[in-house]
Protein chains: 2
Amino acid sequence: MQSLLELRHLKTVQALRNAGSLVRAAQLLNLTQSALSHQLKALEEQYGAPLFERKSLPLRFTAPGERLLALAGTVLPAVDEAERDISRQVQGVAGSLRIAVECHTCFDWLMPAMDIFRHRWPEVELDIVSGFHADPVGLIHQNRADLAIVSEHDESDAGQGIDFHPLFQYEIVAIVANDSALASRNWIGAQDFVGQTLITYPVPDEMLDILRQVLTPAGIKLARRSTELTVAMLQLVASGRGIAALPLWAVQNYLERRYVSAVKIGEHGLFGKLYASCVAETSQRPYLTDFVSMTRESCFLTLPGITLL
Amino acid sequence: MQSLLELRHLKTVQALRNAGSLVRAAQLLNLTQSALSHQLKALEEQYGAPLFERKSLPLRFTAPGERLLALAGTVLPAVDEAERDISRQVQGVAGSLRIAVECHTCFDWLMPAMDIFRHRWPEVELDIVSGFHADPVGLIHQNRADLAIVSEHDESDAGQGIDFHPLFQYEIVAIVANDSALASRNWIGAQDFVGQTLITYPVPDEMLDILRQVLTPAGIKLARRSTELTVAMLQLVASGRGIAALPLWAVQNYLERRYVSAVKIGEHGLFGKLYASCVAETSQRPYLTDFVSMTRESCFLTLPGITLL
DNA sequence: GGATTAACATGAAATACATTCATGAGATCG
DNA sequence: CGATCTCATGAATGTATTTCATGTTAATCC
């Protein structure tokens with residue numbers, strides 16, 4: 001009798017459209033697939049009609065489903081904006097968000113995320129702390145940065161009043177030439193790197209997962225060659241000058257075009273994790289939590305093959 | 001961390017503004033005052049600021065409160081509209097709502113309610129079945145009306161697949177001249193009517209609560225005089241030609257201007273109740289439930305001193 | 001054509017959450 | 001200064017959402 005529609009349902013419907021499947025939508029919302037299934041069932045029962053076709057991929061919505069999507073499209077941004085306004089009214093927000101980055105590829109997703117953020121929080125001073133620092137958390141302590149994007153969290157930092165907000169996890173794959181002997185392998189181990197030239201970004205060793213997690217533990221030291229640009233690394237690999245290890249999402253395009261080949265590293269794959277870390281006090285700021293959740297969402301929707309943490 | 005705001009909260013905030021107090025807002029929403037208090041407390045905790053000033057009457061909202069109100073003002077109508085659109089998509093609604101009325105004063109609130117309805121459901125054919133019928137439910141059975149506004153429900157009808165949707169309750173007071181001996185009484189009983197002329201609308205006896213509930217049971221029969229217009233009745237009373245019994249809300253204006261006086265009927269007052277009745281099938285239609293809830297709301301906000309059933 | 005993987009559905013159990021109940025405190029009014 | 005009104009609050013209740021543990025279906029792959 002009485003409408004059971006809540007913002008929650010609108011968020012679900014929108015996530016469903018963006019994510020393209022119940023499973024992915026559930027990850028986006030930090031819920032289980034089952035929860036969404038129940039939610040949607042309840043809605044469909046209330047309206048007496050299905051909201052979307054289950055079989056088709058990509059998901060197709062019915063007319064009532066589209067109408068709900070349209071509603072979500074106007075309502076949810078309005079709600080977000082109102083809540084940001086209230087944050088501003090309550091604590092005249094005029095803070096800063098200086099972001100320290102330790103990994104090269106981060107820029108690929110950080111830029112679009114920052115653009116969205118700038119639009120949502122125009123009065124917050126947004127910056128990237130340039131250069132690559134071996135210890136980005138140190139920059140926070142020195143108050144030269146507000147937020148650091150890091151790949152592992154030092155347990156020692158966690159105690160020091162530093163919060164780690166999980167972002168996402170991505171697979172790091174070995175990139176080899178198409179005609180390489182390794183290209184057809186199911187996966188390769190540390191020993192398979194021996195004799196190769198490793199092509200990397202020009203950053204300290206500790207910041208390269210392939211070294212820190214695989215080669216150094218195995219006691220292997222390789223010839224190195226470095227370059228700033230991902231395309232340049234791929235060009236070197238393609239022309240047989242060496243092997244690289246890069247995030248899968250960063251090279252997906254080239255793989256689809258068969259420019260180079262990717263091989264899993266280790267039997268279960270090598271994964272990089274990313275966290276946003278800041279002092280506990282900063283964690284409280286509404287724009288900080290907004291930045292984190294917005295970044296997670298935009299990365300999940302943009303970067304292929306990543307999973308949220 | 002995560003926003004707890006739901007449509008429910010927006011409805012609460014809006015009801016609070018419209019009703020002017022937690023208690024009245026709770027009646028509007030079919031909730032207890034306590035529920036709203038808890039809801040608002042949770043919101044204020046989340047935003048870290050009060051939403052309204054508790055002491056002042058009429059209620060004053062703070063800046064965050066106003067911002068939420070503004071949000072509710074854009075969001076809730078959009079949600080309503082979307083749900084109506086979905087109803088239309090699912091079951092191409094093109095029904096009719098022919099309303100049979102048994103009481104005279106009903107027009108005062110029915111007209112504005114119908115105006116709102118017409119705007120919300122333009123494709124539904126809206127009509128009043130004119131004339132005053134002793135048995136409006138009969139009109140439904142004959143399919144000459146879809147909805148009847150009645151003051152008591154016949155138990156015999158309830159079985160026959162007729163639904164009764166409670167609307168509201170109002171007090172019926174005796175209207176006497178200011179200089180009448182009765183004017184100063186705390187309340188008057190059936191015996192106090194003896195010897196007076198009863199001024200009524202020109203309708204059958206069964207439809208007058210004062211007769212049905214008070215005078216007839218006491219075996220009292222009075223001289224009668226009738227007129228169509230409420231003002232005319234008051235004029236007669238004021239000039240000492242008789243006594244009337246009318247809904248308090250209908251005469252509130254005149255009482256405030258001390259044109260006539262009102263006296264409670266019976267120690268605990270005489271109350272009229274109104275229901276909207278229709279066949280069970282009609283009850284299902286989305287526009288019917290919308291009409292009922294919308295009418296309840298608009299009456300509650302417009303008519304002074306009524307309580308929802 | 002099984003075997004495997006992936007996506008969604010579903011009933012029951014667990015959990016979280018909103019609401020009510022039963023008060024108390026504070027203000028207002030004859 | 002009771003009487004009445006409004007709102008707040010903690011505990012108890014009850015409902016509703018979510019998870020858990022499966023089942024089903026469809027698509028993909030040797």
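Order of the sequence lines sets the chain letters (A, B, ...), proteins ahead of strands, with each chain counted from 1.
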Handout entry: Phosphate-side-chain proximity, Q39(A) and dT18(D), N/O vs OP1/OP2 below 4.0 Å
Key =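 The answer is yes; a side-chain N or O of Q39(A) sits under 4.0 Å from OP1 or OP2.
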
Problem - dT19(D) OP1/OP2 closer than 4.0 Å to side-chain N/O of T32(A) - result: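 Yes, T32(A) has a side-chain N/O under 4.0 Å of OP1/OP2 on dT19(D).
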
Write down the distance between [atom1] ([X]) and [atom2] ([N]), rounded to a whole number of angstrom.
X: L36(A); N: dT19(D); atom1: CG; atom2: C1'; result: 12 Å
X: R24(B); N: dT6(D); atom1: CZ; atom2: P; result: 10 Å
X: L22(A); N: dA26(D); atom1: CG; atom2: C1'; result: 15 Å
X: R60(A); N: dA7(C); atom1: CZ; atom2: P; result: 20 Å
X: Q27(A); N: dT18(D); atom1: CD; atom2: P; result: 17 Å
X: Q33(B); N: dT4(D); atom1: CD; atom2: P; result: 18 Å
X: L4(A); N: dT15(D); atom1: CG; atom2: P; result: 16 Å
X: Q2(A); N: dT19(C); atom1: CD; atom2: P; result: 10 Å

Practice task
State whether the number of non-hydrogen atoms from other residues, nucleotides or ligands found under 6.0 Å of K264(A) atom NZ is greater than 12.
Solution key: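 Yes, NZ of K264(A) has more than 12 neighbouring heavy atoms, counting only those of other groups under 6.0 Å.
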
N/O donor-acceptor pair under 3.5 Å between [X] side chain and [Y] backbone:
X: E6(B); Y: R8(A); result: yes
X: R296(A); Y: P166(A); result: yes
X: Q169(A); Y: K273(A); result: no
X: T295(B); Y: A113(B); result: no

Practice task
Select base, sugar-phosphate, or nothing to describe what S37(B) touches, counting heavy atoms under 4.0 Å on all strands.
Solution key: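 Touches a base.
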
Parallel, tilted or perpendicular: which fits the ring planes of [X] and [Y], with parallel below 30° and perpendicular above 60°?
X: F61(B); Y: F52(B); result: tilted
X: F164(A); Y: Y275(A); result: perpendicular
X: W109(A); Y: F168(A); result: perpendicular

Handout entry: R8(A) side-chain proximity, nearest of dT17(D), dT19(C), dT10(C)
Key =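 Selected nucleotide: dT17(D).
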
Exercise for the section: Ignoring the backbone of L31(B), work out which of dT19(C), dT19(D), dC8(C) is nearest its side chain. Expected result: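 For L31(B), the side-chain atoms sit closest to dT19(C).
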
Pairs under 3.5 angstrom, nitrogen or oxygen only, protein versus nucleotides 10-14 of chain D, please.
unit_1  : atom_1 : unit_2 : atom_2 : d
dG10(D) : O6     : H38(B) : NE2    : 3.0

Practice task
With DNA chain D as reference, determine whether G20(B) or H9(A) sits nearer its 5' end, using the nearest nucleotide of each.
Solution key: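 Residue closer to the 5' terminus by nearest nucleotide: G20(B).
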
Please write out each protein N/O paired with an N/O of nucleotides 25-30 of chain C under 3.5 Å, distance rounded to 0.1 Å.
none

Handout entry: Lys/Arg-Asp/Glu bridge criterion (N-O < 4.0 Å) met for D290(A), R285(A)
Key =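 So D290(A) does not pair with R285(A) through a salt bridge.
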
